[in-house]
Visitor: 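One structure follows; several queries about it will come next.
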Amino acid sequence: MVTMARRIEQLRTEKGLSRPALSAALGLPRMAVEKFETGRQTPTQDQQEKLASFFGVTLQYLRGEFQDKTETETWMNGSLLAEEVPPPAPKPAAKPANPDGGPVFDAFLRSGKFQESLRSAVLDALRSPEGQKILASAVRREMERQGR
């Protein structure tokens, strides 16, 4: 898995920015980005959100959890509610180990037990008072977007 430190460094160099320049652009202390990239400090949630917004990527991409810069895995879209998970297609040849997760991690994410556990945890969170506020806010935004 790619670390957040490596991801921040990668995104910063893609933009052609120095560490102090990125710190200044985000309104952070001068040495903050250096600390993030060397792993001496982990960005706070607020700082992670600023970094993701600045680079135009998702928090999951910034954290090294997903490989897609702009979309999150849509595990809440209902596709995990299916009764059966189709078996993975057979692979013609074994690939070398992948440091970014690889087939073992992918198989774990597709397993029915993991998906059911995750679904249960999400539903429990959404039933909480905080979850209800998040849902109400999301519904309100969607209704405004659709002009209702």
Visitor: For L17 versus R12, what's the shortest heavy-atom pair and its separation?
Guide: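 Closest heavy-atom pair between L17 and R12: O-NH1, 2.7 Å.
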Visitor: What are the two closest heavy atoms between G39 and A5, and how far apart are they?
Guide: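 Scanning both residues completely, I find the closest heavy atoms to be N-CB, 4.4 Å.
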Visitor: Hey, does the side chain of S137 reach the backbone of K133 with a donor-acceptor pair shorter than 3.5 angstrom?
Guide: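 Answer holds: no.
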Visitor: Please determine which of E37, Q48, R63 meets the side-chain contact (heavy atoms from CB on, under 4.5 Å) test together with I8.
Guide: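 When side-chain contact (heavy atoms from CB on, under 4.5 Å) is applied between I8 and each of E37, Q48, R63, only E37 qualifies.
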Visitor: Any idea which heavy atoms bring Q10 and Y61 closest together, and the distance?
Guide: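 Minimum heavy-atom contact is NE2-OH, 3.3 Å.
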Visitor: Working to the nearest 0.5 angstrom, can you tell me the gap between M4 CE and E65 CD?
Guide: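 So the CE of M4 and the CD of E65 are separated by 8.5 Å.
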Visitor: First locate atom CD1 of I134, then atom OG of S128, and finally report the distance between them rounded to the nearest 0.5 Å.
Guide: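 Taking CD1 in I134 and OG in S128, the distance rounds to 7.0 Å.
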Visitor: Output all residues satisfying side-chain contact (heavy atoms from CB on, under 4.5 Å) with E144, sequence neighbours left out; order by chain, then residue number.
Guide: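 Checked E144 against side-chain contact (heavy atoms from CB on, under 4.5 Å); matches are R140.
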Visitor: Under 3.5 Å, side-chain donor or acceptor atoms of residues 21-30 against the rest of the protein: list the pairs with distances, not counting sequence neighbours.
Guide:
residue: S23; atom: OG; partner: R19; partner atom: O; Å: 3.3
residue: S23; atom: OG; partner: P29; partner atom: O; Å: 3.3
residue: S23; atom: OG; partner: R30; partner atom: O; Å: 3.2
residue: S23; atom: OG; partner: V33; partner atom: N; Å: 3.2

Visitor: Do E116 and K113 meet the salt-bridge criterion of a basic N to acidic O distance under 4.0 Å?
Guide: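 Not counted as a salt bridge, because no side-chain N and carboxylate O are separated by less than 4.0 Å.
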Visitor: Could you measure the distance from the CG atom of L51 to the CZ atom of R7? Nearest 0.5 Å is fine.
Guide: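 So the CG of L51 and the CZ of R7 are separated by 13.0 Å.
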Visitor: With sequence neighbours excluded, what pairs up with T44 under the side-chain hydrogen bond (donor to acceptor under 3.5 Å, both in side chains) test?
Guide: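 By the side-chain hydrogen bond (donor to acceptor under 3.5 Å, both in side chains) rule, T44 matches Q47.
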Visitor: Under the ring-ring contact (aromatic ring centres under 6.0 Å, His included) rule, what pairs show up with a residue in residues 117-148, not counting sequence neighbours?
Guide: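 Of all non-adjacent pairs touching residues 117-148, none passes ring-ring contact (aromatic ring centres under 6.0 Å, His included).
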Visitor: Got R141 and R145 here, is their nearest side-chain heavy-atom distance under 4.5 Å?
Guide: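 Heavy-atom side-chain distance check fails, nothing below 4.5 Å.
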Visitor: Mind checking what makes side-chain contact (heavy atoms from CB on, under 4.5 Å) contact with Q132, not counting sequence neighbours?
Guide: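 Testing Q132 for side-chain contact (heavy atoms from CB on, under 4.5 Å), a comparison that skips the adjacent residues, returns L135.
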Visitor: Would you mind listing every ring-ring contact (aromatic ring centres under 6.0 Å, His included) that reaches into residues 112-148, with sequence neighbours excluded?
Guide: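 Those involving residues 112-148 are F108-F114.
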